Amino acid sequence: MSDATKASNFIEEIIYEDLNNGLSQDTLRFRFPPEPNGYLHIGHASAICLNFGLGEKFGQPVNLRFDDTNPAKEESKYVDAIQEDVKWLGYKWDNLCYASDYFQELYDWAVQLVKDGKAYVDSQSSEEIASQKGSPTEPGVDSPYRNRSVEENLALFEGMKNGDYGESEHVLRAKINMQSTNMLMRDPIMYRVVNRAHHRTGTDWKIYPMYDWTHGESDYLEQITHSFCTLEFLPHRELYDWFLDQIVDPNKIRPKQREFARRNVSHTVTSKRKLQKLVESGVVTGWDDPRMTTISGLRRRGFTAASLRNFATSIGIAKRDNLVDLNHLEFHLREDLNKVADRVMCVLDPVKLVITNYPDDKVEMLQAENNQEDDSRGFREVPFSKELYIEREDFKEEANKKYFRLSIGKEVRLKNGYIIKGEGCIKDANGNITEIHATYDPDSQSGSGSEASLRKVKGTLHWVSAAHAVPVEVRLYDRLFTVPSPDTDKEKDFMEFVNTDSLEVITAMAEPSVKELEVGTSVQFQRIGYFCVDKDSTEEKIVFNRTVGLRDTWAKIDA
RNA sequence: UGUCCCAUGGUGUAAUGGUAACACUCCGGUUUUUGGUACCGUCAUUCAAGGUUCGAGUCCUUGUGGGACAACCA
């Protein structure tokens, strides 16, 4: 992909340093290790792009590994969804791995640790163990079971494995140091009994390994050279290394854990727990609600995989706390959509416009460019007639110089059509405009090459022919939270910052060509924004999601 | 009251002891049959104070501020 010569962040620097110290480039191997207990979100997307991006940069494999050591929380539906999301993002893994595939190796190594006096069975309650653990500022104390004999430990551990004991009766702990300043080193639990069927191993196992015991050893088994994770795992590194020390063969690759700051995006939350609360409380309609920053939500909203990848690359990677402005994501989204989305005309807030000097029954098919950024997209036909719809906000009876749109006595261009001049309007009893009247210049048709067609007018409006218009449902989404960082407030719960106006559903009038669009297709409603066809669409009614609006400098002037 | 991590414009990253760079946002402008796109321009001497050095964003010290760590979760 890119030439591997220069580090663009501290993560790559670590790799180059290892390469310079003799590590061979063709041994490089990375991994993305999600737990299949929920749906992936934008934060995972960054991690995916980092690890798979490294694989591309160095031309080396990346494994997708499910960290499935907790049968109480994990389900195979998440395994499937995660694979779909990674694929959709455009990446291919080398090996599809499961930590559960390593249960036997892990168990055998654990037995060895017991024999070496490096692990013991503790028979206290979890409360007792917790209280003996001390606190970040106070050292822990040794368990009364810490010095059980190897024989007793072996027998007990085997009993745990065979299902002789219930949950919480015994756990296997590593014998490290209860006085360590690092709480993770205070005799961490390696195994616990769980009486639950695992989504892959069924009831084969009664004991399940903990994260710390599993992760580094899994990396080692897969011969991962660099195991990158978020900063919250930094204190785990000492333990990661300690566990590796117990089993590593010096002739094999010893994996290295390094940490980076998770990347936060403003006006959203990215923890499974919080996303789940949004779903359960009914704030959103599901995990793939277009307002959700899950990958499935973003996909349904109309985000492109390329825009997510470009975003991840452009924001870089470092170790300090960050909150990336949503604008940044939207920039990359518009940048991509501008190139790939065909243009279409759709009026969101219609008001009738009558061209008084246009023949009553005439219908013309006008040629409209599909995408001015891409000639290969060609043209489509749009019907034009005497009665049209335009946006209500595109007409004012009187307007100042800054208003480029239609007003009485002024001219504007109808996109792909004619130049028209405002003549008057009809109002109802409340003073609301119900119909606008204008005259057109028959010689001014777009693309005709006539002198009149080349005249410069300040404004251009989109429109649809009233008789041909297709009513469509449009879901206008706004940011889900009212503040940039909803989950960092010391007093208030993030749910208090939910934007109650994050969805507005309207019926709009679209040009006939939208009937041909397939679910998932993105288009630009000209002068408005990017929209995609939602899966809720039916034969009778097309449903569009607003992905993101166009940049709107007029809104700023008008405000 | 411990251990560890971090600190560069409004935002995110870069600068590997040698003139603070790039992108986004904002603001201003050019082009335009999308008030879109594209293009151009303005906006920081790097948390503070000392020190080392010919030279410090970078190294050292001390502060200040922010963050992580006490699940039989990952």
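As the structure is a prediction and not an experimental result, all values here were calculated from the model. Just so we're on the same page: letters track the sequence lines, and every chain starts at 1. Side chains included, hydrogens not; waters and symmetry mates left out as well; all remaining heavy atoms used.
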Task: Closest-nucleotide ordering on RNA chain B, the 5'-leading residue of A:Ala130 and A:Ala555 - done: A:Ala555
Open item on the list: How many whole angstroms separate atom OH of A:Tyr440 from atom C1' of B:U33?
Closed with: 18 Å
Task: A:Glu138 CD to B:C69 P, straight-line distance once rounded to whole Å - done: 18 Å
Task: Which residue lies more 5' along RNA chain B, comparing A:Ala318 with A:Asp67 via nearest heavy atoms - done: A:Ala318
Open item on the list: Just to be sure I understand the rule, does A:Glu167 reach a base, reach only the sugar-phosphate, or reach nothing, if contact means heavy atoms closer than 4.0 Å?
Closed with: nothing
Open item on the list: Does A:Gln526 reach a base, just sugar-phosphate, or nothing at all? Heavy atoms under 4.0 Å.
Closed with: base
Task: Distance-only side-chain donor-acceptor flag, A:Ser450 / A:Asp443, under 3.5 Å - done: no
Task: A:Phe331-B:A23 aromatic stacking (under 5.5 Å, under 30°) - done: no
- [ ] Scan A:Gly459 against the nucleic acid and name what it touches under 4.0 Å (heavy atoms): base, sugar-phosphate only, or nothing.
- [x] nothing
TODO: Identify whether any heavy atom of A:Lys401 sits under 4.0 Å from a base atom; if not, whether one sits that close to sugar-phosphate; answer base, sugar-phosphate or nothing.
DONE: nothing
Task: Minimum-distance nucleotide (side-chain atoms of A:Lys73 versus B:C73, B:U34, B:C26) - done: B:C73
Open item on the list: Over all strands shown, is A:Gln124 touching base, sugar-phosphate only, or nothing at heavy-atom distances under 4.0 angstrom?
Closed with: base
Open item on the list: Taking 5.5 Å and 30° as the limits, would you call A:Tyr211 and the base of B:A74 a stacked pair?
Closed with: no
TODO: Pick base, sugar-phosphate or nothing for A:Leu461, based on heavy-atom distances below 4.0 Å to the nucleic acid.
DONE: nothing
Task: Candidate nucleotides B:A74, B:C72, B:U33, ranked by approach to the side chain of A:Ile189 - the nearest - done: B:C72
Task: Test applied, side-chain contact (heavy atoms from CB on, under 4.5 Å); reference residue, A:Gln257; option that passes from A:Arg237, A:His215, A:Glu238 - done: A:Arg237
- [ ] Report yes if at least one side-chain N or O of A:Thr553 is closer than 4.0 Å to OP1 or OP2 of B:G36; otherwise report no.
- [x] yes
Open item on the list: With rounding to the closest Å, how many angstrom separate the C1' atoms on B:U25 and B:G67?
Closed with: 26 Å
Open item on the list: Please classify the nucleic acid contact of A:Asn416 as base, sugar-phosphate, or nothing, using heavy-atom distances under 4.0 Å.
Closed with: base
